[in-house]
Structure formats: C-alpha cells, structure tokens
Amino acid sequence: MTSTNDALLHAKLNQETASIAWSELTRWFASGMVVAVSPDLDLIEVAAAMTRDDAAAVSQWMSAQRIAKVTDEQAQAWLDQNRQVWAIVVKPWILVQLK
C-alpha cells in the first residue's frame with residue numbers, strides 16, 4: 001500500500017473511532033467479537049494492519065499478547081468499573097482499548 005493510501009486509511013479509521021461505555025459492547029463480547037488492544041499499541045495502527053490483512057504484524061501482536069479476545073474476567077471488571085473504551089469496528093471484530 002502506498003503511503004498516500006496508508007495515510008487515507010489511517011484518517012478514515014481515525015474518524016471511525018469512538019469512545020463508548022464498555023456496557024454498550026457486552027452483546028458483541030458475548031458473541032466473541034471483541035478484541036482488546038494493549039495500551040502500548042496505537043489502536044488506529046492495529047485497525048489498519050487488520051484492514052490490510054497484515055498477518056505478520058497481527059500474529060506478532062497476538063503472540064506477545066498485545067492483542068487478544070477480551071476475557072470474561074476483563075469484561076466483568078470493566079463492567080463493574082463502568083469503564084469507557086476507545087472502540088473501532090474492523091469487521092467482523094470490534095477493537096477496544098481502555099481509555
């Protein structure tokens with residue numbers, strides 16, 4: 001992907017990112033569709049890599065446990081704490097990162 005296309009993708013994804021209460025995402029969590037992104041990663045970069053189907057980057061992050069499906073324990077703690085997350089949809093996934 002050219003740098004112009006990459007910049008356009010990042011801009012598009014940035015506009016699609018929103019702050020949302022974790023409680024609003026529990027339906028998708030129950031369906032196994034929510035992926036937590038480590039706070040040390042750039043949420044937009046992860047979304048872009050997934051959109052580009054950059055298997056090498058995604059696999060590396062998964063191996064390092066920097067991205068993973070949200071666990072039951074995480075989900076419950078976030079619900080109990082009424083947490084807000086940054087979220088973006090990269091079909092079929094919803095990527096979330098704690099604020």
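Only a predicted model underlies this, so the values are computations on that prediction, with no experimental measurement involved.
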Could you report the tightest heavy-atom contact between [X] and [Y], atom names first, then the distance?
X	Y	result
W93	G32	CZ3-O, 3.4 Å
M33	P92	CE-O, 2.9 Å
A36	Q74	CB-NE2, 4.3 Å
L95	A47	CD1-CA, 3.7 Å
Q97	P39	NE2-CA, 3.6 Å
A87	L25	CB-CD1, 4.3 Å

Calculate, to the nearest 0.5 Å, the distance between atoms [atom1] and [atom2] belonging to [X] and [Y] respectively.
X	Y	atom1	atom2	answer
R83	S23	CZ	OG	13.0 Å
E45	D54	CD	CG	8.0 Å
L98	Q84	CG	CD	10.5 Å
L43	W86	CG	CH2	9.5 Å
W78	T71	CH2	OG1	7.5 Å

*asked:* What verdict does the side chain to side chain donor-acceptor pair (under 3.5 Å) test give for D80 and Q76, after you've listed the backbone C-alpha separation in whole Å, the side-chain angles of each residue and the deciding distance to 0.1 Å?
replied: CA-CA 6 Å; D80 292 346; Q76 188 61 55; 2.7 Å; yes
*Counting N and O atoms only, with roles assigned by atom type, does the side chain of S38 sit under 3.5 Å from a partner on the main chain of L41, one being a donor and the other an acceptor?*
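Looks like no, no N/O pair under 3.5 Å.
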*Under 4.5 Å between any side-chain heavy atoms of V96 and I94, yes or no?*
yes
*Taking side chain as C-beta onward, heavy atoms only, is V58 less than 4.5 Å from M50?*
yes
*Verdict with reasoning, V46 to I44, per side-chain contact (heavy atoms from CB on, under 4.5 Å)*: CA-CA 5 Å; V46 173; I44 301 302; over 6 Å; no
Got a sec: does the [atom1] of [X] have more than 12 other heavy atoms crowding it under 6.0 Å?
X	atom1	value
Q81	CD	yes
K99	NZ	yes
Q60	CD	no

_CA sep, side-chain torsions, deciding dist, call: L13, I88, side-chain contact (heavy atoms from CB on, under 4.5 Å)_ = CA-CA 8 Å; L13 291 170; I88 186 167; 3.7 Å; yes
_side-chain contact (heavy atoms from CB on, under 4.5 Å) evaluation trace for W22 with F29_ = CA-CA 10 Å; W22 170 250; F29 163 74; 3.8 Å; yes
*Stepwise side-chain contact (heavy atoms from CB on, under 4.5 Å) check, R52 with L9*: CA-CA 9 Å; R52 291 188 308 262; L9 176 61; 3.9 Å; yes
